[in-house]
Asks: 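Here it is: the structure, laid out below.
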Amino acid sequence: MAIGGLISNRNFGSFIGSGKLCRGEQAILLHRGERSAVAVVHGKMLYRKLCSQTANGFISGYSFGPFLQTTVHLDENTLKPISISRNGRQPISSLSLRHSEKSHRVYPQQRSRGSFGCYSSSSPSLGRWLEPGDEDRIRKNRTRAYYKSEEYDITEAKVDPLPSPEATNEVVLVEGEMQEAVPWWQSFPKRWFIVLLCFAAFLLCNMDRVNMSIAILPMSKEFNWNSATVGLIQSSFFWGYLLTQILGGIWADKFGGKLVLGFGVIWWSVATILTPIAARIGLPFLLTMRAFMGIGEGVAMPAMNNLLSKWIPVSERSRSLALVYSGMYLGSVTGLAFSPILIHKFGWPSVFYSFGSLGSIWFALWLRKAYSSPNEDPKLSKEEKKLIMGGSISKEPVKIIPWRLILSKAPVWALIISHFCHNWGTFILLTWMPTYYNQVLKFNLTESGLFCVLPWLTMAAFANIGGWIADTLVSKGLSITAVRKIMQSIGFLGPAFFLTQLSHVRTPAMAVLCMACSQGSDAFSQSGLYSNHQDIGPRYAGVLLGLSNTAGVLAGVFGTAATGYILQRGSWNDVFKVSVALYIIGTLVWNLFSTGEKVLD
């Protein structure tokens, strides 16, 4: 492909030059200009000739070798290397190739002054020329412009296209950044790849957690466990889970989220695989293994929060967190759906072996692709890094946790109290829902299990809807504080409203609808309090989530036990009234003391 660009212009918008591999000779005459220029490709260099009246250039030969080359015969004393610039200042910034079977001419159509040079390059910087294979990596642009000057006439001999096995090409110079057209999986934003890996980790997290709730039925028959023993086994998970909430946050803030989350996934996956072996050895070993599993899962949320605080800009924070947390909800659905099938076909140990082995696949991908911060990723593009690092958030790991400073801030306590109030209602619904369906709505166990999946699905859907709404409001200019208060108020008052309606419904279908709507509105909390840790203290996001989630786990433990005590002396309406009262308290505390501004640096 030969490129001939012969243009003079002081105020030039865009230019398109056409060139072909040709045989024969082509004569180009430029005259009657105040200043004239000849742009020439010679070997791998681009030259121009400045003259006062007339310039003649004869393109005598073409070659298509490892590089695109042409030879132009001009007065050697007048050749000067040129840089490509508009008005002598800025480079033309992109080039597109388009296959064409026709020969083309450049028609000058506009009065022009000054000088303008053009070039072809696969890089914005000079010094590198198109190789034959480069055409596939350059963004296609099918725009063509014709440029005509009243002062200059260009006459062009008729040329014949030279056949090429790779077809001929049209060179188009347009305004804008030059980008290489790469496969979508290579251009996919790295920060969202980290989000998807966290999503997959949380999917596995809840799959491994809920499988015991299904497998415990055949296990209790095989080992003759009574209901008290079953309750002990189920609760043993929380021994380790509570232990590593704050520790996981400290480790993540000090050593990086990649290391801590990777440790957590591989730890709980191994514990899941070893569960059948521990059960056959004896009850103490099984309790220990379940506690070990809780230790691994306890670090997941703080480590994830630390990672996203470094990788995700504030304009994408809500939707990224909503997507990750929806992995937990979908993990529960997946676990509840596949566990009975595996148990029926292969026996209860197969659930633990199959689910646990998935962690090794995730871990291999995590080691290769994930980094604790954008600064550690050598393949991260400059544009994406600039977008991520554009905020004022410090990406450096912390060395000392300022506990006194953290616990002296009212927004931190608003997070802790609100997390407690939120999880009280959430854990009660998710833990006691099958019993409610069976005792009050008179569903059988199969129907109860089916309807138990519905709240998880609605939470997964509404969490992502809430995330997009929150980020849209932030991008429209609404303050982060206002957005967090709006979303969390929906997350509190929505469930409170639908729980109060349960005492008035008369049909099971309406009761199920109220429960689903309650959990769906609850999911807006992912864009409220669950996003607020990164708002108020991005450097300590792991520690802050560890603190508030510890309160949330305690609410689940105490709330579940208190519900059983209330049902012995009262009714389900009393259970719901306690949850509604805590939702209202949480709403008041959140709206009075929370903020979306950074209070910890």
Side-chain angles (χ1 to χ4, degrees), residues 201-202 204-248 251 260 263-303 328 331-332 335-336 339-340 342-343 346-360 423 427-428 430-432 434-435 546 549-565:
F202 276 51
L204 295 175
C205 176
N206 267 30
M207 284 176 62
D208 293 342
R209 184 188 300 187
V210 304
N211 60 10
M212 178 59 81
S213 63
I214 304 297
I216 197 71
L217 301 175
M219 291 174 71
S220 61
K221 291 181 180 178
E222 180 177 335
F223 299 111
N224 297 318
W225 293 332
N226 57 31
S227 57
T229 304
V230 170
L232 184 64
I233 294 171
Q234 295 278 42
S235 64
S236 61
F237 169 85
F238 290 98
W239 304 346
Y241 192 72
L242 274 172
L243 182 64
T244 53
Q245 287 296 312
I246 298 176
L247 285 177
W251 294 338
V260 177
F263 158 79
V265 173
I266 203 67
W267 183 278
W268 85 58
S269 297
V270 171
T272 301
I273 293 172
L274 295 178
T275 296
I277 300 173
R280 289 194 166 95
I281 295 175
L283 182 61
F285 292 93
L286 178 60
L287 296 176
T288 303
M289 197 57 60
R290 290 295 293 174
F292 278 2
M293 182 178 173
I295 288 174
E297 294 202 2
V299 304
M301 289 180 67
M328 297 181 66
S332 297
L336 292 171
S339 292
L342 291 172
I343 291 172
F346 306 106
W348 64 265
S350 64
V351 175
F352 300 98
Y353 295 145
S354 58
F355 286 9
S357 62
L358 294 175
S360 61
N423 277 28
F427 271 81
I428 286 175
L430 298 180
T431 304
W432 286 93
T435 304
N549 203 42
T550 297
V553 174
L554 289 174
V557 174
F558 294 147
T560 303
T563 299
Y565 179 81

Asks: Evaluate whether atom CZ of F223 has more than 12 neighbouring non-hydrogen atoms of other residues, nucleotides or ligands under 6.0 angstrom away.
Replies: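 Yes, the 6.0 Å shell around CZ holds more than 12 heavy atoms from other groups.
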Asks: Might you point out which heavy atoms bring F237 and R209 nearest each other, and give the distance in Å?
Replies: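 Closest heavy-atom pair between F237 and R209: CZ-NE, 3.5 Å.
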Asks: N206 side chain to M328 main-chain N or O, any donor-acceptor pair under 3.5 Å?
Replies: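 Yes; at least one donor-acceptor contact below 3.5 Å.
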Asks: Which heavy atom in D208 sits nearest to a heavy atom in G356, and how many Å separate them?
Replies: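 That would be OD1-N, 4.1 Å.
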Asks: Indicate the atoms forming the closest heavy-atom contact of S357 with S354, along with that distance.
Replies: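 Smallest heavy-atom distance, with atoms named: OG-O, 2.8 Å.
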Asks: Any heavy-atom pair between the side chains of L247 and V299 that's under 4.5 Å?
Replies: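 V299 vs L247: side chains apart.
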Asks: Can you tell me how far CH2 of W348 sits from CG of N211, rounded to the nearest 0.5 angstrom?
Replies: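 These two atoms lie 11.0 Å from each other.
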Asks: So how far is it from T275 OG1 to R290 CZ, rounded to the nearest 0.5 Å?
Replies: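 Nearest 0.5 Å value for the OG1-CZ distance: 6.0 Å.
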Asks: For a 4.5 angstrom cut-off between non-hydrogen side-chain atoms, does F352 reach I273?
Replies: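 Of all side-chain heavy-atom pairs linking I273 with F352, none is under 4.5 Å.
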Asks: Determine whether a donor-acceptor pair (N or O, by modelled atom type, separation under 3.5 Å) exists between the side chain of T563 and the backbone of I428.
Replies: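 It does not hold such a pair.
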Asks: Between atom OG1 of T550 and atom CD1 of I246, what is the distance when rounded to the nearest 0.5 Å?
Replies: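 These two atoms lie 4.0 Å from each other.
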Asks: Which heavy-atom pair separates G298 from P302 by the least distance, and what is that distance?
Replies: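 Closest approach of G298 to P302, heavy atoms only: O-CD, 3.4 Å.
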Asks: With rounding to the nearest 0.5 angstrom, report the OH to OG1 distance, Y353 to T272.
Replies: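 Rounded to the nearest 0.5 Å, the OH-OG1 separation comes to 12.0 Å.
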Asks: Just grab all the ring pair (Phe, Tyr, Trp, His ring centres under 6.0 Å) pairs involving residues 265-284, residues at least two apart or on different chains.
Replies: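 As it turns out, the ring pair (Phe, Tyr, Trp, His ring centres under 6.0 Å) pairs with a partner in residues 265-284, which skip direct neighbours, are F263-W267, W267-F292.
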Asks: Looking at V210, is its backbone amide N or carbonyl O close enough to the side chain of S213 to form a donor-acceptor pair, meaning the two atoms are under 3.5 Å apart?
Replies: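 At least one qualifying donor-acceptor pair exists.
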Asks: Do the non-hydrogen side-chain atoms of F285 and R280 ever get within less than 4.5 Å of each other?
Replies: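 F285 vs R280: side chains apart.
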Asks: Considering non-hydrogen atoms only, spot the tightest contact between A303 and V260 and give its length.
Replies: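 For A303 and V260, the tightest heavy-atom pair comes out as CB-CG1, 3.8 Å.
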Asks: Below 4.5 Å, heavy atoms only, C-beta onward: do L283 and I233 meet side chain to side chain?
Replies: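 They are in side-chain contact.
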Asks: Can you check whether T229 reaches S220 side chain to side chain, under 4.5 Å on heavy atoms?
Replies: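 The answer is no; the side chains never approach within 4.5 Å.
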Asks: Measuring from atom CE of M293 to atom SG of C205, what distance do you get when rounded to the nearest 0.5 angstrom?
Replies: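 SG of C205 is found 7.0 Å from CE of M293.
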Asks: What closest approach, in Å, do P218 and I343 show between heavy atoms, and which atom pair accounts for it?
Replies: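 Shortest heavy-atom separation between P218 and I343 comes out as CG-CG2, 4.1 Å.
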Asks: Can you measure from CG (L204) to CZ (F355) and round to the nearest 0.5 angstrom?
Replies: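 With rounding to 0.5 Å, CG (L204) is 9.5 Å from CZ (F355).
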